[in-house]
Novice: 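Here you go, one structure.
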Amino acid sequence: MLRLTVTEQGAALHEARAPLLPVLRHALSRDPGPVTVMIHGYRYQPGHALHCPHGSIFARCPAPRQPRVVSWPRHLGLRGQPGEGLGISFGWQARGSIWQAHQNAAEAGEALAELLADLRRLAPARPVNLIAHSLGARVALRAIAGATPGTVNRAILLAAAEYAGTARRALESPAARQTQVLNVTSRENDLFDFLSERLIAPDSPGPDHMLGQGAPDLPNLVTLQLDDPDSLRALRRAGFPVRPPERLVCHWSPYLRPGVFPLYRAVFAGDMALSRLRALLPAETAPRWSRLMPRLPGRTASGPLSA
């Protein structure tokens, strides 16, 4: 595991003065497995006594005993054993106002793109996967679009706090067309999407909505609605028994729900191809507020988006 934090000079070793590149080169030489970059969302701050991601969700044994803290690396299979590859805990300044965090996410994405360029140069054949929650999806998408084509193999976006139009532009870029993306959403997240749309302006003029409310129709993007009974039945038949939701509103369900991490591991390993997931899952997602108001008729297509 490498713990990195975004500084004014880009990504650097967390709480260490050693230059990053020699340490990164050494870490890559120790294990030929894939590289997994983990990106947190809003309200985390590297080095903070209570909200440092390196000591909580990105630690193998998290220190804070909090309901929303689970070990991402442990559940992703990054336990320090040979063949598991290199895990990178990518921290950025996500506290303060939502507007400042939104801007910081874009800057963190540029820093991550530079890190991806270093990975490509040091280990050009090494698979690189990204997993990001909330505003971390903005970081991931900015980095994917700014990377060399083919650098990022797969990305998993959890309750992405990013506009669908921005996601479309990022994933249609030449750099991203070879990247397979799983967009994990849930109607449990509707309140957070609704508030995000009212607090944060889209990057481009015109109507837009959060990625969880309808993803663009792209060949390299598949959406999983994690509270949809049909989707959960399909996953169970495929060998991934994800537990049904227990809450009406939850922003952290995509990584707290029992059963999700075995699916994510299979996606990263290529054992569950996104083409297979696309065939298993419904082509449409339920409309906003349907979890709070279940009598809303029909489903809403997650098809083409004008952006």
Side-chain angles (χ1 to χ4, degrees), residues 1-4 11 20-21 23-40 58 60 71-90 108-109 111-133 136-137 139-158 160 167 170-184 218-222 224 238 240 254-255 260-278:
M1 286 287 299
L2 276 185
R3 301 190 303 171
L4 306 184
L20 172 59
L21 279 182
V23 176
L24 182 61
R25 183 182 292 109
H26 176 69
L28 289 167
S29 70
R30 295 185 62 186
D31 194 306
V35 178
T36 304
V37 183
M38 300 167 289
I39 312 161
H40 62 82
F58 294 160
R60 290 195 181 107
S71 171
W72 287 26
R74 191 172 73 248
H75 288 292
L76 287 169
L78 300 169
R79 307 185 183 194
Q81 301 301 313
E84 294 173 352
L86 174 63
I88 295 180
S89 167
F90 191 82
L112 180 54
E114 294 176 5
L115 174 66
L116 294 176
D118 291 336
L119 288 169
R120 181 78 168 185
R121 185 169 58 255
L122 295 172
R126 192 73 56 91
V128 176
N129 300 315
L130 309 182
I131 182 167
H133 175 245
V139 179
L141 288 166
R142 179 67 63 100
I144 291 170
T148 303
T151 298
V152 179
N153 290 63
R154 299 176 181 91
I156 299 176
L157 309 181
L158 310 175
L171 296 179
E172 285 184 332
S173 67
R177 290 174 187 168
Q178 299 177 48
T179 301
Q180 299 294 300
V181 179
L182 176 60
N183 172 43
V184 182
L218 298 172
N220 58 337
L221 176 66
V222 173
L224 164 61
F240 300 98
Y255 68 83
V260 292
F261 276 105
L263 173 64
Y264 302 158
R265 291 199 303 268
V267 169
F268 278 163
D271 297 330
M272 172 53 80
L274 289 193
S275 57
R276 184 185 174 201
L277 262 181
R278 189 191 303 275

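Predicted model, so just to flag it, every value in this text is computed and none were measured.
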Novice: Quick one: does any side-chain atom of Arg154 pair with a main-chain N or O of Phe268 as donor and acceptor, under 3.5 Å?
Specialist: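 Yes; at least one donor-acceptor contact below 3.5 Å.
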
Novice: Any chance you could lay out the side-chain contact (heavy atoms from CB on, under 4.5 Å) test for Leu274 and Asn220, step after step, and finish with the verdict?
Specialist: CA-CA 8 Å; Leu274 289 193; Asn220 58 337; over 6 Å; no

Novice: Could you tell me which non-hydrogen atom of Pro34 sits nearest to which non-hydrogen atom of Gly83, and how far apart they are?
Specialist: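 Smallest heavy-atom distance, with atoms named: CD-O, 4.4 Å.
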
Novice: What is the ring orientation for Phe261 with His75, classed by angle as parallel under 30°, tilted 30 to 60°, or perpendicular over 60°?
Specialist: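 The rings of Phe261 and His75 lie parallel, inter-plane angle below 30°.
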
Novice: Distance-only, no hydrogens or angles: does the Arg120 side chain make a donor-acceptor pair with backbone N or O of Gly150 under 3.5 Å?
Specialist: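 Present.
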
Novice: Using atom types as modelled and distance alone, determine if a side-chain donor or acceptor of Arg177 lies under 3.5 Å from a backbone N or O of Glu172.
Specialist: yes

Novice: I need the Ile39 CD1 to His133 NE2 distance, nearest 0.5 Å.
Specialist: 12.5 Å

Novice: Please report the C-alpha distance between Phe58 and His40 in whole Å, then the side-chain angles of each, then the deciding distance to 0.1 Å, and finally whether the side-chain contact (heavy atoms from CB on, under 4.5 Å) criterion is met.
Specialist: CA-CA 9 Å; Phe58 294 160; His40 62 82; 3.8 Å; yes

Novice: Any side-chain to backbone donor/acceptor pair from Glu84 onto Arg79? Under 3.5 Å, distance only.
Specialist: yes

Novice: So, for Gly87 and Leu78, which heavy atoms are closest and what is the spacing to 0.1 Å?
Specialist: CA-CD1, 3.9 Å

Novice: Could you check if a side-chain atom of Leu119 sits within less than 4.5 angstrom of a side-chain atom of Leu24, using non-hydrogen atoms only?
Specialist: yes

Novice: Using modelled atom types only, decide if a donor and an acceptor are shared between the side chain of Arg60 and the backbone of Arg74 within a distance under 3.5 Å.
Specialist: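 No, the answer is negative, given that no donor and acceptor are paired below the 3.5 Å cut-off.
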
Novice: Keeping the roles fixed (side chain from Asp118, backbone from Leu21), state whether a donor-acceptor pair exists under 3.5 Å.
Specialist: no

Novice: Identify which one of Asn129, Leu224, Ile156, Ile131 satisfies the side chain to side chain contact (heavy atoms under 4.5 Å, CB included) criterion when paired with Val267.
Specialist: Ile156

Novice: Of Leu2, Leu130, Val152, which is the lone residue that meets side chain to side chain contact (heavy atoms under 4.5 Å, CB included) with Val37?
Specialist: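 When Leu2, Leu130, Val152 are each tested with Val37, the side chain to side chain contact (heavy atoms under 4.5 Å, CB included) holds only for Leu130.
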
Novice: When rounded to the nearest 0.5 angstrom, what is the spacing between CZ in Phe240 and CE in Met272?
Specialist: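 Spacing of CZ (Phe240) from CE (Met272) equals 4.5 Å.
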
Novice: Evaluate the side-chain proximity of Leu157 to Leu141: yes if any heavy-atom separation is below 4.5 Å, no if none is.
Specialist: yes

Novice: If every non-hydrogen atom of Val35 is compared with every non-hydrogen atom of Arg126, which pair is closest and at what distance?
Specialist: CG2-CG, 3.7 Å

Novice: At their closest point, which heavy atom of Ala160 faces which heavy atom of Asn183, and how far apart are they?
Specialist: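 Closest approach of Ala160 to Asn183, heavy atoms only: CB-OD1, 4.5 Å.
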
Novice: Closer than 3.5 angstrom, by distance alone: can the side chain of Arg278 be matched with the main-chain N or O of Pro219 as a donor-acceptor pair?
Specialist: yes

Novice: What pair of heavy atoms forms the shortest contact from Leu112 to Ala140, and how long is it?
Specialist: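 It is CD2-CA, 4.4 Å.
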
Novice: Atom CE of Met1 and atom OG1 of Thr36: how far apart are they, to the nearest 0.5 Å?
Specialist: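 Those atoms lie 9.5 Å apart.
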
Novice: Between the main-chain N or O of Leu86 and the side-chain N or O of Asp31, is there a donor-acceptor pair closer than 3.5 Å?
Specialist: no

Novice: How close do Ala11 and Phe90 get, counting heavy atoms only, and between which atoms?
Specialist: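 Here Ala11 and Phe90 meet closest at CB-CE1, 4.0 Å.
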
